[in-house]
Each structure stands twice: as structure tokens, then as C-alpha cells.
J.: 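Next up is a structure, given as C-alpha cells.
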Amino acid sequence: ETGVTQSPTHLIKTRGQQVTLRCSSQSGHNTVSWYQQALGQGPQFIFQYYREEENGRGNFPPRFSGLQFPNYSSELNVNALELDDSALYLCASSSGAQLAGELFFGEGSRLTVL
Amino acid sequence: RKEVEQDPGPFNVPEGATVAFNCTYSNSASQSFFWYRQDCRKEPKLLMSVYSSGNEDGRFTAQLNRASQYISLLIRDSKLSDSATYLCVVNMNSGGYQKVTFGTGTKLQVIP
């Protein structure tokens with residue numbers, strides 16, 4: 001058990017809808033990063049939050065947005081859902097602004113867009 | 001060219017075999033390197049960090065070649081429990097802004 005929890009574990013949405021995914025980081029960690037993992041692919045970096053500020057972003061459009069709260073938990077919001085957004089969304093917590101150590105992943109939220 | 005490239009495999013090897021995976025990265029400014037392991041339908045977990053001097057953890061050895069921009073993972077005396085997907089991870093920090101890139105993963109199947 002990593003101590004990183006994500007909710008919901010599974011959800012189904014339709015094209016054009018909006019979704020919010022949630023992540024509670026491991027105790028003592030102040031950094032949360034989000035990843036999208038399509039079937040048969042490696043996780044793709046969406047963004048990273050360190051002490052409530054975004055300090056890293058991958059190649060995802062602005063309709064992917066996030067937030068980190070004072071307790072270091074985090075949300076990922078995706079607007080105007082597209083069929084290709086169907087994937088496993090992974091959250092990882094770590095310590096520090098830079099990735100120098102281990103990422104502790106949650107079990108993921110599996111999103112299906114119909 | 002992909003930022004991080006791995007041979008997707010699958011690599012099917014008998015128990016006891018030695019197997020090596022390579023990973024290449026395109027950005028010479030990359031700063032930290034890792035191998036993660038992902039079991040089927042599970043989240044990734046850190047296998048080991050990769051250092052320029054090379055590092056070993058039991059049956060696992062990781063190497064980094066900055067000049068050629070590749071990292072490698074060697075698994076000796078393969079066990080059935082080593083069957084998993086191995087993900088190469090590269091981190092870059094530019095002006096305090098992070099970018100973490102995973103490879104597509106290399107699938108290993110160890111056969112009895």
C-alpha cells in the first residue's frame with residue numbers, strides 16, 4: 001500500500017461532458033503528479049503540483065486542468081471529454097519540487113468516454 | 001522521434017536466463033533516470049534509480065550512458081515473478097519546471 005488514494009476507481013462519461021478525479025497524497029508528501037495511461041502504453045505526464053503551484057506540464061491541452069489543496073491532495077479536471085480521453089488516470093505523490101526520488105502511485109481512476 | 005523509446009517486446013525468456021532492456025532518450029538536458037515495474041492492471045512501482053556510475057540491487061543492474069543517451073537494465077537469473085512490464089522514466093528540470101517522461105514499457109514474460 002502506497003498511501004495514495006484515488007477516486008472514483010471507475011467512471012463512465014459521454015463525449016462533451018466534464019469529469020473531476022481526486023487524489024490524496026501520501027502523508028508527508030507535498031508534490032502530486034498526474035498521468036494518463038492508455039491501454040498498452042506507458043503513463044503520459046499531464047502535470048505536476050508542488051505546494052499548490054503547477055511546476056510541470058506535459059503535452060496536454062488546456063482542457064486538462066488541475067488543482068492542489070493546502071493538505072496537498074489534488075484534483076484533475078477534464079472538460080469537453082473526447083473518446084480518446086478514455087484511459088487509466090494515475091496520480092503519484094512524492095516529496096520536493098524536483099523528481100529525485102520515488103513516485104508513489106495510486107491504483108488509478110479508469111475513465112471510459114462513450 | 002519519441003522523447004523516450006523502449007523496445008515494447010515481449011521478451012519471452014526461460015527461468016534463470018539473463019535479459020537486458022535498453023531505453024534511449026532524446027533530450028540531453030534530462031537529469032534523473034529510473035526504472036519502474038508495472039504488473040498487469042496494477043500501478044507502476046519503482047524498481048531502481050539509475051546513476052551515472054551504474055548501480056546494482058541484487059539481480060538487477062542499471063546503467064546510464066549520458067554520451068549516447070541511453071539507460072539499460074540487466075536482470076540476472078530471471079524468476080517467474082519478474083514477469084511484468086518495465087518502464088523507463090526520464091525527468092527533466094528546466095528553470096524549476098518539471099517534465100517526467102515514461103517510455104512505452106518493455107514486457108517481460110519469464111517461462112518455466
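Below, chains carry the letters A, B, ... as their sequence lines are ordered, and counting in each starts from 1.
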J.: For each of B:Thr101, B:Thr85, B:Thr104, tally heavy-atom pairs with chain A at distances under 4.5 Å, and name the one with the top tally.
T.: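 Highest number of pairs under 4.5 Å: B:Thr104.
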J.: Flag yes if B:Phe11 and B:Val4 sit in one hydrophobic cluster, no otherwise; membership is Ile, Leu, Val, Met, Phe, Trp, Tyr, and two members link when side-chain heavy atoms are under 4.5 Å apart.
T.: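 As far as the 4.5 Å side-chain criterion goes, B:Val4 and B:Phe11 are connected within one cluster.
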J.: What part of A:Tyr50 gets within 4.5 angstrom of chain B, counting heavy atoms only: side chain, backbone, both, or neither?
T.: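 When you check distances to chain B, no heavy atom of A:Tyr50 falls under 4.5 Å.
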J.: Could you tell me if the side chain of B:Arg41 sits less than 4.5 Å from the side chain of A:Arg110, heavy atoms only?
T.: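 Heavy-atom side-chain distance check passes, below 4.5 Å.
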J.: When clusters are formed by joining ILVMFWY residues with side-chain heavy atoms under 4.5 Å apart, either directly or through shared neighbours, do A:Leu88 and B:Tyr36 land in the same one?
T.: yes
J.: Cluster question for you: counting only ILVMFWY and a side-chain heavy-atom cut-off of under 4.5 Å, with indirect links fine, are A:Val32 and A:Leu90 together?
T.: no
J.: Side chain, backbone, both or neither: which part of B:Gln6 has a non-hydrogen atom closer than 4.5 Å to chain A?
T.: neither
J.: I'd like to know if A:Val4 and A:Tyr89 are part of one continuous hydrophobic network [Ile/Leu/Val/Met/Phe/Trp/Tyr, side-chain heavy atoms within less than 4.5 Å].
T.: no
J.: Do B:Leu46 and A:Phe104 come close enough that some side-chain heavy atom pair is under 4.5 Å?
T.: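 No; the side chains remain at least 4.5 Å from each other.
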J.: With only heavy atoms counted, which part of B:Phe33 is less than 4.5 Å from chain A, the side chain, the backbone, both or neither?
T.: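 No part of B:Phe33 comes within 4.5 Å of chain A.
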J.: Looking only at side chains, do A:Gln48 and B:Tyr97 share a donor and an acceptor under 3.5 Å apart?
T.: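 Their side chains do not contain a donor-acceptor pair, so the 3.5 Å distance test is not met.
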J.: Can you confirm whether A:Phe45 sits close enough to B:Phe102 that some side-chain heavy atom of one is under 4.5 Å from a side-chain heavy atom of the other?
T.: no
J.: Do A:Leu103 and B:Phe34 have side chains that get closer than 4.5 Å, going by heavy atoms?
T.: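 A side-chain contact under 4.5 Å is absent here.
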J.: So how far is it from A:Glu102 CD to B:Met48 CE, rounded to the nearest 0.5 Å?
T.: 12.5 Å
J.: For the CG atom on A:Asn59, are there more than 12 heavy atoms of other groups (residues, nucleotides or ligands in this structure) within a distance under 6.0 Å?
T.: no
J.: A:Gly42 and B:Leu87: which non-hydrogen atoms are nearest, and at how many Å?
T.: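 For A:Gly42 and B:Leu87, the tightest heavy-atom pair comes out as CA-CD2, 4.0 Å.
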J.: Heavy-atom distances under 4.5 Å only: say whether A:Glu54 touches chain B with side chain, backbone, both or neither.
T.: both
J.: Pick one of side chain, backbone, both or neither for B:Lys99, based on which atoms fall under 4.5 Å of a heavy atom in chain A.
T.: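 Both the backbone and the side chain of B:Lys99 come within 4.5 Å of chain A.
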J.: Check whether more than 12 heavy atoms from other residues, nucleotides or ligands sit under 6.0 Å from atom CG of B:Leu80, and answer yes or no.
T.: yes
J.: Under 6.0 Å from the CZ atom of A:Arg63, do we count more than 12 heavy atoms belonging to anything else shown?
T.: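 Atom CZ in A:Arg63 is crowded, with more than 12 foreign heavy atoms closer than 6.0 Å.
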J.: Flag the pair A:Phe47 / B:Gln98 as yes when at least one side-chain heavy-atom distance between them is below 4.5 Å, and no otherwise.
T.: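 They are not in side-chain contact.
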J.: Should B:Val89 and A:Pro43 count as side-chain neighbours, where that means a heavy-atom distance under 4.5 Å?
T.: no
J.: Give a yes or no on whether A:Val113 and A:Phe60 share a hydrophobic cluster (residues Ile, Leu, Val, Met, Phe, Trp, Tyr; joining criterion: side-chain heavy atoms under 4.5 Å apart).
T.: yes
